[in-house]
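Heavy atoms only: backbone and side chains are in, while hydrogens, waters and symmetry mates are out. This is a predicted model, so every value here is computed, not measured.
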Amino acid sequence: MTYCYPDAEKPALNGINLGIEEGEFVLVAGESGSGKSSLARVLAGLIPDFYGGRFGGRVYFQGREMRGIDRRKLARQVGMVFQDPEKQLVMTGVEAEIAFGLENLGLPRKEMFRRVAEVISFLGLAELRQEFTAGLSGGQKQKLVLAAVLAMQPRVLILDEPTSQLDPVAAEEFLNLVKRLNEEMGFTVVLIEQRLERCFHLADRVVVMEGGRVAQDGTPEQAARWAAGMGAPLVPSVARFFSALGFPSVPVTVKDGRRQLREYLSGRPVSGGPDPRKEPGSRLKGRTPLVEVKNLWFTYPNGREALRDVNLQVGAGEFVAILGENGAGKSTLLKNMAGLLRPGRGRVILKGRDLGKCKGGCPGGQVAYLSQNPNDYLFQDTVEGELLFTLNNFGLKDDGIVDELLEKLQLSRRRLANPRDLSSGERQRAALASVLVTRPDLLVLDEPTRGLDYRLKAGLGGFLAGQAAAGAGVVLVTHDVEFAAEYASRVIMMFSGRIVSDGARHETLGQSVFYSTQIGKLCRGFCDGILTFDEAVERIGPLLSGETAVRAGALK
């Protein structure tokens with residue numbers, strides 16, 4: 001099967017031959033733009049009928065050619081969740097949204113009530129059942145879309161990054177639910193994910209896409225070994241760690257990894273870890289903060305209290321990551337810091353100015369705010385045009401900053417492309433470039449790693465760390481604990497509108513059970529204080545390399 005989008009020069013899918021058995025759990029991995037989402041659309045019957053373009057080859061569902069199956073019958077069998085939840089929300093109310101698909105299928109009213117109640121209970125949406133969909137956070141919208149699809153009880157679930165906006169605990173709960181549907185009810189699951197540490201071990205097969213082709217198709221361990229041999233960072237950090245050290249078997253779960261560490265270390269702990277108390281978490285050191293939040297309270301018009309007595313200081317040169325459950329108030333805090341919302345009580349002071357008293361709100365050009373939805377920022381005909389529009393809007397001239405940003409964010413080859421033709425990850429980077437072009441003092445980013453693969457996240461992390469080193473303040477909200485542990489110098493935890501923890505990354509993440517990295521969970525008890533792959537290789541690698549080689553030779 002080969003497919004090319006309208007007006008595209010290269011095919012998005014090229015020579016695909018793939019079979020998925022009933023009841024399989026297939027994980028599709030690959031870099032941004034490798035064809036994962038296009039493959040999902042084909043499997044859901046959306047390509048080519050809804051997207052147009054040139055299509056070659058055939059796709060069969062249960063022995064019948066998919067294009068010949070009635071759409072209503074296909075919708076009862078195959079359900080898909082898109083990357084962007086905004087594209088699937090139709091109704092204004094939560095319960096109405098879940099029932100919308102059931103109404104279109106013509107189900108009896110009693111059956112609809114039962115299914116709606118069931119998925120609301122499963123996904124923990126009871127407190128949101130009477131809410132307006134427009135007022136939900138990005139993660140809550142994602143859970144709502146998942147509920148609407150699950151309510152239709154399809155036999156095949158196609159999920160395109162369904163947990164990208166869910167906090168770690170909610171993501172684990174949802175993926176475990178999907179695994180239960182697969183194991184206990186025989187659902188066929190095709191899952192596309194970038195954060196592989198969440199789901200690699202759940203899959204029966206891993207299909208790796210590369211340049212529109214299937215580059216690897218096998219078990220999770222086979223995929224881990226293949227990726228390690230190719231130097232591709234397309235495996236969870238635990239599997240990558242054991243592959244890098246040459247272990248004879250590559251575990252894909254923390255449980256199996258800890259069993260191997262226990263064997264090779266003979267139960268003896270590794271000493272000499274970093275002392276969190278001595279780790280620099282803030283660079284203020286008595287200087288005037290770049291932005292200061294004092295006793296901040298905020299309540300939405302519907303009466304929901306989103307922020308409660310928040311106090312926070314961020315200095316120039318700091319890289320701060322904010323973590324927390326969906327609905328904890330993280331995005332609301334960012335909007336107050338950017339001057340987009342006015343505090344109910346308290347103050348937000350940016351470079352000595354009280355934003356609550358500024359008529360224009362956010363001082364133009366001093367704050368770069370990137371929301372969860374990059375589509376809100378893209379309305380020009382080219383990527384380059386988006387950046388030039390921002391410059392012109394602030395009366396600035398291009399002194400080379402456009403070329404610099406396009407190069408650093410790996411968008412140079414797409415500078416003349418229409419932003420709406422970009423992949424999800426590319427749109428995210430284009431929106432980021434459009435707000436950074438003014439060289440702001442404060443960068444306020446809401447889920448900037450959404451839709452980015454490992455390589456692109458590394459590039460973004462290095463870029464943001466460089467901005468902080470150059471003197472800008474960087475504050476980002478993320479559910480990606482691995483990213484926060486790798487690049488942020490300071491981590492803040494929020495719960496129910498309050499800051500419950502604020503400190504250096506090892507201090508905050510090293511003490512957490514759920515908000516910890518996969519490597520941190522692997523090494524806890526053996527070598528405390530380790531959070532990242534590089535730290536594990538540096539501290540444990542020298543102790544294992546010789547012994548590992550001897551044992552590997554004996555096993556062979």
**Request:** Using a cut-off of 6.0 Å, state whether more than 12 heavy atoms not belonging to Glu131 lie near its atom CD.
**Result:** yes
**Request:** Answer whether the closest heavy-atom distance between the side chains of Glu161 and Arg450 falls below 4.5 Å.
**Result:** no
**Asked** Any side-chain heavy atom of Asn311 sitting closer than 4.5 Å to one from Ile499?
**Response** no
**Prompt:** Is any NZ, NE, NH1 or NH2 atom of the basic residue among Glu127 and Arg304 found under 4.0 Å from an Asp or Glu carboxylate oxygen of the other?
**Reply:** no
**Asked** Would one find more than 12 heavy atoms of other residues, nucleotides or ligands at under 6.0 Å from atom CD of Glu407?
**Response** no
**Carboxylate-amine/guanidinium proximity below 4.0 Å for Lys408 and Glu404** = yes
**Message:** Looking at every non-hydrogen atom in both residues, tell me the closest pair between Leu405 and Ala433 and how far apart they are.
**Reply:** CD1-O, 3.6 Å
**Fill in**
Paired with Asn326, the side-chain hydrogen bond (donor to acceptor under 3.5 Å, both in side chains) test is passed by just one of Gln142, Gln140, His479, Lys141, namely His479
**Item:** Val348 side chain reached by Val291 side chain, heavy atoms, under 4.5 Å
**Value:** yes
**Message:** Within this structure, what is the CG-CG distance for the pair Leu409 and Leu456, rounded to the nearest 0.5 Å?
**Reply:** 9.5 Å
**Asked** Are side-chain heavy atoms of Tyr369 and Lys335 found at a separation under 4.5 Å?
**Response** yes
**Complete:** dist Leu290:CG -> Met337:CE (nearest 0.5 Å) comes out at 8.5 Å
**Message:** Testing the basics here: between His201 and Val252, what is the closest heavy-atom pair and its distance to 0.1 Å?
**Reply:** CB-O, 3.7 Å
**Request:** Give the minimum heavy-atom separation between Pro440 and Ala472, together with the two atoms involved.
**Result:** O-CB, 4.1 Å
**Asked** Is any side-chain heavy atom of Pro448 less than 4.5 Å from a side-chain heavy atom of Leu460?
**Response** yes
**Message:** Measuring from atom CG of Asn336 to atom CZ of Arg342, what distance do you get when rounded to the nearest 0.5 angstrom?
**Reply:** 10.5 Å
**Message:** If we ignore hydrogens and angles and just use 3.5 Å, is the side chain of Asp534 paired with the main-chain N or O of Val537 as donor and acceptor?
**Reply:** no
**Request:** For residues Asp376 and Ser371, report the shortest heavy-atom separation together with the two atoms involved.
**Result:** OD2-OG, 3.7 Å
**Item:** Rounded distance (nearest 0.5 Å) linking atom CG of Leu464 with atom NZ of Lys457
**Value:** 13.0 Å
**Prompt:** Which pair of non-hydrogen atoms, one from Val206 and one from Pro220, has the smallest distance, and what is that distance?
**Reply:** CG2-CA, 3.8 Å
**Glu482 side chain reached by Arg195 side chain, heavy atoms, under 4.5 Å** = no
**Request:** In plain terms, say whether Asp453 and Lys36 are close enough for a salt bridge, that is, a side-chain N and a carboxylate O under 4.0 Å apart.
**Result:** no
**Message:** Are Thr390 and Val435 packed together at the side-chain level, in the sense that at least one heavy-atom pair is separated by less than 4.5 angstrom?
**Reply:** no
**Request:** Would you check if Leu370 and Leu436 make a side-chain contact, meaning some heavy-atom pair closer than 4.5 Å?
**Result:** no
**Request:** Examine the side chains of Glu193 and Thr163 and answer whether a donor and an acceptor come within less than 3.5 Å of each other.
**Result:** yes
**Asked** How many angstroms lie between atom CG of Leu261 and atom CZ of Arg524, to the nearest 0.5 angstrom?
**Response** 14.0 Å
**Lys330 with Asp446: basic N within carboxylate O range, under 4.0 Å** = no
**Item:** Any side-chain donor near an acceptor of the partner, Thr332 and Tyr300, under 3.5 Å
**Value:** yes
**Request:** Not counting sequence neighbours, list each pair that qualifies as a salt bridge (charged side-chain N to carboxylate O under 4.0 Å, His left out) and has a residue in residues 234-258.
**Result:** Asp256-Arg259
**Item:** Distance-only side-chain donor-acceptor flag, Arg427 / Asn375, under 3.5 Å
**Value:** yes
**Item:** Glu173 and Lys143: CA distance, side-chain angles, deciding distance, salt bridge (charged side-chain N to carboxylate O under 4.0 Å, His left out) verdict
**Value:** CA-CA 11 Å; Glu173 289 176 353; Lys143 291 179 75 173; 5.5 Å; no
**Request:** For Tyr487 and Arg505, work out which heavy atoms get closest and say how close.
**Result:** N-NH1, 3.9 Å
**Request:** With rounding to the nearest 0.5 Å, note down the distance linking OG1 in Thr508 to CG in Asp502.
**Result:** 6.5 Å
